[in-house]
Chemist: 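Below is the structure I would like to discuss, written out as structure tokens.
Residue numbers begin at 1 in each chain, while the letters A, B, ... track the order of the sequences.
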Amino acid sequence: MNQYIPKGTAKVSARGLDVFYGDKQALHHIDLDIAAGEVTALIGPSGCGKSTFLRCINRMNDLVEGARVSGTLTLDGNDIHDRRLDVVQLRARVGMVFQKPNPFPKSIYENVAYGPRIHGLARDRAELDEIVMNSLEKAGLLAEVESRLSESGTSLSGGQQQRLCIARAIAVNPEVILMDEPCSALDPIATAKVEELIDELRDNYTIVIVTHSMQQAARVSQRTAFFHLGKLIEVGGTEEIFTNPCEPLTQGYITGRFG
Amino acid sequence: MTDMAEITAAPAAAQAAARTDVIARRLARRHAAERRFRAIGIGAVVVSVAFLGTLLFNILSNGFGALLQTRILLDVAFDPAVMDIGERRDADSLAAADYGGLVKAAMAARFPEVASRGEKRELNALLSNGAGDALRRMVQDDPRIIGTTRPIWLIASSDLDMAVKGIMPRQAGAEGLRFSERQLAWIGKLEAEGALARQFNTRLFTAGDSREPELAGLLGAIVGSAFSLGITLLICFPIGVATAVYLEEFAPKNRWTDLIEVNINNLAAVPSVVFGLLGLAIFLNTFGLPRSAPLVGGLVLALISLPTIIIAGRAALKAVPPSIRQAAMGLGASKLQTVTDHVLPLAMPGMLTGTILGMAHALGETAPLLMIGMVAFIVDIPAGPLDPAAVLPVQVYLWSDSPERGFVEKTSAAIIVLLVFLSLMNLAAIWLRKKFERRW
Ligand SMILES: Nc1ncnc2c1ncn2[C@@H]1O[C@H](COP(=O)(O)OP(=O)(O)OP(=O)(O)O)[C@@H](O)[C@H]1O
Ligand SMILES: [Mg+2]
């Protein structure tokens, strides 16, 4: 059921990944490869562990009280739990966009500039300006905010805020971008914009997106992984999963018989 | 068909009507309960406002009198012979000159008919013992006035002040009269000639404490309070913020931190006198710091305010949404960067508000300061935190304990000054809170 992708092309790969919150096991022995330069969608009913898996990839679970991770998770073949790898370094390579837009209550410019600044990516103000402009451009937000860069990020609309958060993640120039239901707080038009953006970003970034919308998964992703009760049930090409799933559980979920 | 519809519809309609009825009856009860509750609420507000109003009215009506002070206009001749300085004009001589003599001479010139020593004593008793102080200051400011004659308003005695303000009697034969017939005549004469007036009491804000009510001022207590609060702030703010940040953002959640948290909350509830005793034992007896010093007062007040500030600081940190922390951490900010760059700036207004309220609380503390000996009678304005000093609430306590009638209104005036400072601090806290209201 697990379609391993050809050796050497996996950007992120999990082997025997278990996650516990206290005594409760949230993920059971996950083996999953995420290919470089693709959009991978994680789908499954609520509480099945999609967010948990996503948070493992940039070790945001470290911040959760009582969370314990075992098994291996590699980024470009290197164990992300390796003691030599600083979590700050990891998060610079693996960016994250959250379910609810969460811009800093600072100016739009500062929002985008913060990441490059703490990682020392710009040598001077001009370079920083360039990074900020580029990121806003890539996030498809530049035209809308160019004249108001010093206004607060929280003054933007929900959809604009989410694209600002994407710009903020891009500014650090990560290799992988994790998105946890990035459109769940957005209206259809803003959603369409973000989806378009994800499609464009695919060329340069590896993207993992959690979504509750089958249509969205079908529209933006090349591969889809279906989780159920903390287990990975099936993973494969998006088209295949949606048209010809191997597992009856997957079949049931995507046809809406449970969820 | 229609029949059947009606048959089924009728009971349904009846049921609906009955239900509306039940709801309507309950509604009346609910409204009544609401009205009762509102009446009780309004009653409670009225009672508390009435208490507050009475208190404020009482203090203000008593204390405003102290803002004015009775003075007597005399032509003062700055005669070097009377001043007993001859040709000397150096600072020491000017400071030691006989200004009381100048005052007596001016009084004698005003009432040349007064001859006997007894009469003169009665005449001079109309003026304050400290009436000459103003002359000393004038001469020290500008020695060239020596040899000239100037009209000067001199401070009257407290008895005369009380009589002019109508607090003590001044009719001949009245009970409790503090003046002789002669004195009443002189007072009448001065008043008739416009040489007796109530003027703004500058001494209240420029002088230290005194045994004479008409000479006593609050400056010493104000400066003492400022030094104490300065020390308190210097200690409390950094320690309070650091503790709150550590406990809220860094400390592992385990039994030890729980224990610390419980203890901090308990400390906030410990009676302040206990902190005073602690200060006495540690700062005075163990470290041998001076008694009555604002340094020690500030240290003790810091102990009292610290729990409040830590609790307020933690509440402010808790109010910062976790999504902000996640956003920063997700970008690869370290824990410390997340706190200093994002969490702390957002929590700062709340922390400052808590600090100001803690300071206001400290400003009003009396009991613990009595424990460390800040009840001494101190005339000099403290020049540093190690000089003996009083603080405002202790000054209120000291004055309220004084037997002289003149200190009654002084006490109220000191309370007014204390309340003004407290209100200013609370206003600052409110302003801060309004200005930086949740921005996310
Ligand atoms: N911080 C936590 N502490 C304890 N249990 C948690 C925590 N976060 C998640 N869990 C549990 O782990 C399981 C997986 O949660 P997770 O958030 O990964 O689900 P999800 O698939 O993202 O669900 P949803 O689609 O509703 O977001 C759930 O049973 C949840 O109750
Ligand atoms: Mg989730």
Chemist: Step through the shown structure and confirm whether more than 12 heavy atoms of other residues, nucleotides or ligands are within 6.0 Å of NE2 on B:H361.
Modeler: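 No, NE2 of B:H361 has 12 or fewer neighbouring heavy atoms, counting only those of other groups under 6.0 Å.
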Chemist: Just give me the residue among A:V87, A:N102, A:V172 that pairs up with chain B most often, heavy atom to heavy atom, under 4.5 Å.
Modeler: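 Answer, by heavy-atom pair count under 4.5 Å with chain B: A:N102.
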Chemist: Under a 4.5 Å heavy-atom cutoff, which of B:K253, B:Q326, B:K335 has the most pairs with chain A?
Modeler: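 Of B:K253, B:Q326, B:K335, B:Q326 has the most heavy-atom pairs under 4.5 Å with chain A.
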Chemist: Pull out the residues in residues 62-71 of chain A that come under 4.5 Å of chain B, heavy atom to heavy atom, sorted by number.
Modeler: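 If one takes a 4.5 Å heavy-atom cut-off, the residues of residues 62-71 of chain A near chain B are A:L63, A:E65.
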Chemist: In Å, rounded to the nearest 0.5 Å, how long is the span from OG of B:S323 to CD of A:Q99?
Modeler: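 If I round to the nearest 0.5 Å, the distance is 11.5 Å.
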Chemist: What part of A:R168 gets closer than 4.5 Å to chain B, counting heavy atoms only: side chain, backbone, both or neither?
Modeler: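 Contact with chain B is through both the backbone and side chain of A:R168.
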Chemist: Could you check whether the rings of B:H342 and A:F104 sit parallel, tilted or perpendicular, using 30° and 60° as the cut-offs?
Modeler: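 Because their plane-to-plane angle is under 30°, the rings of B:H342 and A:F104 count as parallel.
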Chemist: Mind checking the CG-OH spacing from B:L331 to A:Y114? Nearest 0.5 Å is all I need.
Modeler: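 Going from the CG atom of B:L331 to the OH atom of A:Y114 covers 8.0 Å.
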Chemist: May I ask you to check whether over 12 heavy atoms, not counting those of A:E130, lie within 6.0 Å of atom CD?
Modeler: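 Counting neighbours around CD of A:E130, 12 or fewer heavy atoms of other residues, nucleotides or ligands fall under 6.0 Å, so no.
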Chemist: Examine whether an atom of A:K106 lies under 4.5 Å from a heavy atom of chain B, and if so say whether it belongs to the side chain, the backbone or both; otherwise answer neither.
Modeler: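 Looking at A:K106, just its side chain touches chain B.
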Chemist: Can you tell me if CG on A:D23 sees more than 12 non-hydrogen neighbours from other groups inside 6.0 Å?
Modeler: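 Counting other residues, nucleotides and ligands, CG of A:D23 stays at 12 neighbours or fewer.
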Chemist: Please find the pair of heavy atoms, one from A:P105 and one from B:I324, that lie closest to each other, and give the distance.
Modeler: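 Nearest pair, atom of A:P105 first, then B:I324: CD-CD1, 3.5 Å.
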Chemist: Just wondering, are more than 12 heavy atoms of other shown residues or ligands nearer than 6.0 Å to OH in A:Y21?
Modeler: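 Yes, enclosed.
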Chemist: What part of A:V94 gets closer than 4.5 Å to chain B, counting heavy atoms only: side chain, backbone, both or neither?
Modeler: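 Backbone of A:V94 only, per the 4.5 Å heavy-atom cut-off to chain B.
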